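To start, the structure under review is shown below, and the notes come after it.
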Amino acid sequence: MAAPTQPQKTTYDAIVIGAGIQGSFTAYHLAQRNRDTLLLEQFILPHSRGSSHGQSRIIRSVYPQEYYSRMMPDCFRLWQQLEAEVGTHLYRQTGLVVLGPAGDPELEGCRRSLGDGQVLDAAALARHFPGFRLQAGEVAVLDSTAGVLFADRALRAVQEVFRRHGGTVRDGEKVLRIEPGAVVTVTTTGGVYQAPQLIITAGAWTGPLVESLGLRLPLQPLRIDVCYWREKEPKSANTGSVSPCFLTLGLSQAPHGIYGLPALEYPGMVKVCHHHGSRTDPDKRDQDPSGADRPDIGLLSSFISSYLPGLETQPAVRETCLYTNTPDEDFILDRHPKFSNIIIGAGFSGHGFKLAPVVGKLLCELSLGEKPSYNMAPFSITRFPDVLQAAL
Ligand SMILES: Cc1cc2nc3c(=O)[nH]c(=O)nc-3n(C[C@H](O)[C@H](O)[C@H](O)COP(=O)(O)OP(=O)(O)OC[C@H]3O[C@@H](n4cnc5c(N)ncnc54)[C@H](O)[C@@H]3O)c2cc1C
């Protein structure tokens, strides 16, 4: 005779919606603080439909904005703690160069964010990293702390530690309805759950979800081409273990926001992408109405011809990912203006992975009613006008 099934548990201290890197780290911190936490995910895990999949993400200390650079030591420490908890390497130090015109104010901000970062001119950069070719008047700021996070592995690790601390993950359950109150009720495709605290970290799906709570947030999902470019000759672009990540500020022959990572996930292929995408509906991400080549590919090809001549100029592999951008590209980490036990983490604008350990900590602190560890003003919901709809 089959054993009787346990009735499904329905009440928790906290519910987190969305098991991407931000929701998973929030749940991890809550569980470490002994909160009985439910992490809900619409798709069966692991999946590649959101923003946290793939094998690599850049982590760096350098940031033009001080409010992010101040968080980075804590981020590095928490990533190391997670590595120790799971006994797996999640990070590889490669260094990173920020490429820009000499004297550029944003480049200066980057240099200052490193204390007194090392500046390399074209000749010095070519000596250190022969794959790069800068144009006259351009320089590189070196962040030697930077490197690559193994993203898929990291996401699995956070969820594993969350479970070890007694957390519950329910995947394949889409949240359909949220009823606010002193105890929030969440209805999914699989059940009805209640908790006094709700944290929404639903990535590109956050906009419609919070609209049902009377909030209209300026969140724009973007489809991003993730391109890998083959070395003309193995290691010709100096993509071995010493090759750094890079990102560009406005260069003479390339726009702001091109970034790259050394050949790690696919042998002999360097990841070079543009921090820019086309508007999309996250449920229709891969529908390409024209079938035509994307303008970003042409732009990246031309960048590679000028600055990374050791790579072929057509991508060998193309994958897809989603950004969810705010107008100022700063995150939203705040309470719902009307329902203070509903916390929202959204709008990570293509740079949230490295910061996820601290984002999770801040969202956890907000939900526990504690004073957050960092100044939250840059991340407030009310920096945007008219977010609260009149109906509620
Ligand atoms: C190509 C690319 C390169 C990037 N490079 C970097 C980098 O180098 N460095 C860096 O720091 N950051 C980088 N980022 C950004 C970083 O990956 C994202 O900021 C981060 O992954 C966002 O995580 P998230 O948890 O907010 O979103 P997601 O990972 O999308 O998670 C949200 C989850 O919520 C779930 N969900 C949504 N609605 C519901 C619902 N109704 N019910 C249940 N579940 C729901 C979704 O299915 C999803 O799993 C990059 C992003 C991309 C796309």
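Note that this is a predicted model, so its numbers are computed, not measured. In each ligand, atom 1 is the first atom listed, and ligand 1 is the first ligand listed.
Counting atoms of ligand 1 from 1 in the listed order, those under 4.0 Å from a heavy atom of K174 are 41 (N), 42 (N). The ligand atoms of ligand 1 that sit less than 4.0 angstrom from a heavy atom of F348 are 19 (O), 26 (O). Within ligand 1, counting atoms from 1 as listed, the ones closer than 4.0 Å to a heavy atom of F43 are 47 (O). Less than 4.0 angstrom separates some heavy atom of I21 from each of these atoms of ligand 1: 20 (C), 21 (O), 23 (O), 25 (O). Residue G350 has at least one heavy-atom neighbour below 4.0 Å for each of these atoms of ligand 1: 6 (C), 12 (N), 13 (C), 14 (N), 15 (C), 50 (C). Of all atoms in ligand 1, listed by their number and element, those nearer than 4.0 Å to a heavy atom of W205 are 37 (C), 38 (N), 46 (C).
For atom 30 (O) of ligand 1, the nearest protein heavy atom (residue, atom name, distance) is S51 N, 3.0 Å. Closest protein heavy atom to atom 43 (C) of ligand 1: Q42 N, 3.1 Å. Distance from atom 12 (N) of ligand 1 to its nearest protein heavy atom, with residue and atom name: F353 N, 3.2 Å. What sits closest to atom 51 (C) of ligand 1 on the protein, heavy atoms only, is Y323 CE1, 3.5 Å. Counting protein heavy atoms only, atom 47 (O) of ligand 1 is closest to E41 OE2, 2.6 Å. Nearest to atom 7 (C) of ligand 1 among the protein's heavy atoms is I58 N, 3.4 Å. Of the protein's non-hydrogen atoms, the one nearest atom 53 (C) of ligand 1 is C321 SG, 2.3 Å. For atom 3 (C) of ligand 1, the nearest non-hydrogen atom of the protein is Y259 OH, 3.2 Å.
Under a 4.0 angstrom heavy-atom cut-off, E319 registers as lying outside contact with ligand 1. The closest approach between any non-hydrogen atom of H351 and ligand 1 is below 4.0 Å.
Note that CD of Q55 and CD of E319 are 8.0 Å apart. Values are rounded to the nearest 0.5 Å. Rounding to the nearest 0.5 Å places CG of L219 at 6.5 Å from OG1 of T206.
Within a 6.0 Å radius of CD in E66, other residues, nucleotides and ligands contribute 12 heavy atoms or fewer. For D283, the CG atom is densely surrounded, since the number of other residues' heavy atoms within 6.0 Å is greater than 12. The environment of R133 atom CZ is sparse: at most 12 non-hydrogen atoms of other residues, nucleotides or ligands sit within 6.0 angstrom. The number of heavy atoms from other shown groups lying within 6.0 Å of CZ (R177) does not exceed 12.
Ligand 1 has no N or O atom lying under 3.5 Å from any N or O atom of I224, backbone or side chain. Here's the thing with G50: none of its N/O atoms is less than 3.5 angstrom from an N/O atom of ligand 1. The shortest N or O to N or O distance between L322 and ligand 1 is not below 3.5 Å. For V175, a nitrogen or oxygen atom sits less than 3.5 Å from a nitrogen or oxygen atom of ligand 1, counting backbone and side chain alike.
Looking at H53, R57, H274, it is R57 that brings a heavy atom closest to atom 6 (C) of ligand 1. In this comparison of G20, S48, S52, G345, the heavy atom closest to atom 23 (O) of ligand 1 sits on S52.
Using a 4.0 Å cut-off between heavy atoms, V226 contacts ligand 1 through its side chain alone, with no backbone atom that close. Residue Q22 touches ligand 1 through backbone and side chain together, judged by heavy-atom distances below 4.0 Å. Neither the backbone nor the side chain of T206 comes within contact range of ligand 1; no heavy atom lies under 4.0 Å.
In this structure, R60 forms a cation-pi arrangement with Y63, its terminal cationic atom sitting closer than 6.0 Å to the ring centre and no more than 45° off the ring axis.
Between F331 and H351, the angle of the ring planes lies from 30° to 60°, which puts this pair in the tilted group.
Taking the centre of each ring, Y259 and F246 stay at or above the 6.0 Å mark. Centroid-to-centroid, the aromatic rings of W79 and F25 come within less than 6.0 Å. If you look at F162 and Y28, their ring centroids are not closer than 6.0 Å.
Side-chain atoms of S61 and T145 include a donor-acceptor pair closer than 3.5 Å.
Although no hydrogens or angles enter the test, the distance criterion places a donor-acceptor pair under 3.5 Å between the side chain of H47 and the main chain of R49.
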Stepwise ring-ring contact (aromatic ring centres under 6.0 Å, His included) test for H276 and Y323
CA-CA 9 Å; H276 186 267; Y323 282 6; 9.4 Å; no
For Y307 and W229, run ring-ring contact (aromatic ring centres under 6.0 Å, His included): C-alpha distance rounded to whole Å, both residues' side-chain angles, the deciding distance at 0.1 Å, then the answer.
CA-CA 13 Å; Y307 291 90; W229 310 75; over 10 Å; no
